[in-house]
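Down below is the structure, laid out as structure tokens.
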Amino acid sequence: MEKFNKQEIDEKLKAGFPMEHRWHNRFHLEMPFGLINDPNGLAFCDGKFHVFYQWNPLGCEHKNKCWAHTATRDFIHYSTPELALWPDDVHDKDGCYSGCGTVEDGQLRVLYTCNRKEDGVRIPAQRFGSLKGGQIKKEDIIVPDHPEGITGHFRDPYLFTRRGKRYFVIGAQREADETGTVLVYEETAEGWKNLGEVQTRLGEFGYMWECPNLVQFGSYDVLIFCPQGLDERAFDRQNLYQAGYIAGHLSLDSMDMMQHTKFQELDKGFDFYAPQVLTHEGRQILIGWMGMPDKDNEYPTAEMGWQYSLTMPRELRLRQGHIYSRPAREMKDLRIAETAVELEAENTTAISRTLFDGSEILLDMELGESKEIVITIAFGAEKLRFIYDLKAQVMSIDRNEMRNGGRGVRRFRLFADENLSLQIFVDKTAVEAFFQHGEEAASLLVFPEKNIQPELTVESNGRLKSLSGKIWQLDSFKFNC
Ligand code: FRU
């Protein structure tokens, strides 16, 4: 019997939308069954944004990797996701791994890694495909195996253009010392040519770099990648694996990332990995995976047959070597205007409000005498806290008072002088927070035991000079559009 029957799987999917379980998010992409991970193949074609993502339709394990597909004009109305690509030949029999999207002569094409293992040996191949009739038709393999000096950990191509020529970056592991790196390939008349490694000043930086993206911001190149094997530090690298970037100038002649910044993370939350960026009409739109490899036991929805979520789309800007991320402007259209609640207080030490079933919260505080501010999202006795220590200039996110799923604390430096500003999206389990107008972002999942309206409290150890803000109920994404 066929393992992946598109028709059957698509029918089962159709029946699964809208998703009812109280832990299913409303304005984050996810699936009624199976495990999803990396966003793939982002492209704008035929007036629509196309979003693909890794998906195991057969269970909640990291295997049977297929690509799911949905399309949207506005990031709110989506086509019902479908199975678009699945392992069905010798090259990708062990998974259709991550890859990117592109548009050629009006045709959406993808480039992905075919995962194949023979006697435990990885033989990764890079292959093009074209979206036709809801399905990716597999085309040429352009790189049949890993190059010399690189192990079988060679995957996740991301196309970019320079002076009319096409290139891709790809994640890799050096054979000599099993450290992570990124390679560049160039399209030539004779095929795709390996230009070698991108030289950086990072030195030894983990054992594998997954999911690279090369994105241009004005005259700067930003290399986004996901290093594995970095040690935790006091204010960063606190997840098992990281997702971050260096900004500089990539010379394809010297293969050098010149004058690059230090490595910075794109997100400081617990659940963020393998992001992909789509450049469209001057916008840099990022979607990330809300999850973490090798931490599956921290996500209790597996018991119900599905796992993980994608972030909302974000828009990135580069300022002085640092990426600012804000929710894509389309997310404002989710606000249900009549539900708006104004927050306005002066010389206060505490406010509290009941949230909606799906909320966006804007908070602007003039700190005044306050030295510590605690923002709590309470689900009955269970609590998620954002704690800002003004003296240390440190934000902490504390999930220890949640009963289900992953716990712990994440800490990061956040500069605040007189003002502290937060924008927090609270979906059923997905929470995304943006600090100081996008200077930092954090994605995380919480799995409240009870299905109750969350309660927001802001508490301060001294009087806040002022607090203003707004709360909206947010509408759900619509499917079958
Ligand atoms: C990152 C990753 C990629 C790989 C894919 C497989 O989460 O490990 O490197 O292509 O997931 O699902």
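Numbers here simply count residues along the sequence, with the first being 1. In listed order, ligands and their atoms are each counted from 1.
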Inset, instruction - Flag Y97 as yes when one of its N or O atoms lies below 3.5 Å from any N or O atom of ligand 1, and as no otherwise. - result: no

Inset, instruction - Over 60° means perpendicular and under 30° means parallel, so classify the ring planes of F447 and W23, tilted if in between. - result: perpendicular

Legend entry - Atom indices of ligand 1, in the order listed, that fall short of 4.0 Å to a heavy atom of Y273: 1 (C), 7 (O)

Legend entry - Numbering as shown, the atoms of ligand 1 that approach D156 to under 4.0 Å (heavy-atom distance): 3 (C), 4 (C), 9 (O), 10 (O)

Inset, instruction - Decide whether the shortest distance between a heavy atom of D38 and an atom of ligand 1 is less than 4.0 Å. - result: yes

Inset, instruction - Taking only heavy atoms of S98 into account, list the atoms of ligand 1 that are under 4.0 Å away from them. - result: 5 (C), 10 (O)

Inset, instruction - Classify the side-chain pair Q264/H322 by whether it contains a donor and acceptor separated by less than 3.5 Å. - result: yes

Inset, instruction - Below 4.0 angstrom from a heavy atom of K65, which ligand 1 atoms are there? Numbered from 1 as shown, please. - result: 12 (O)

Inset, instruction - Among all protein heavy atoms, pick out the one at the shortest distance from atom 12 (O) of ligand 1; state its residue, atom name and that distance to 0.1 Å. - result: Q54 OE1, 2.6 Å

Inset, instruction - May I ask you to decide if E8's main-chain N or O and N5's side chain share a donor-acceptor pair within less than 3.5 Å? - result: yes

Inset, instruction - Hey, can you tell me if W192 and F128 have their rings parallel, tilted or perpendicular (30° and 60° cut-offs)? - result: tilted

Inset, instruction - Return yes if a side-chain donor-acceptor contact under 3.5 Å exists between S443 and R314, otherwise no. - result: yes

Inset, instruction - Mind telling me whether Y308 and Y299 have parallel, tilted or perpendicular rings, with 30° and 60° as the class edges? - result: perpendicular

Inset, instruction - Please say whether E210 places an N or O atom under 3.5 Å from an N or O atom belonging to ligand 1. - result: yes

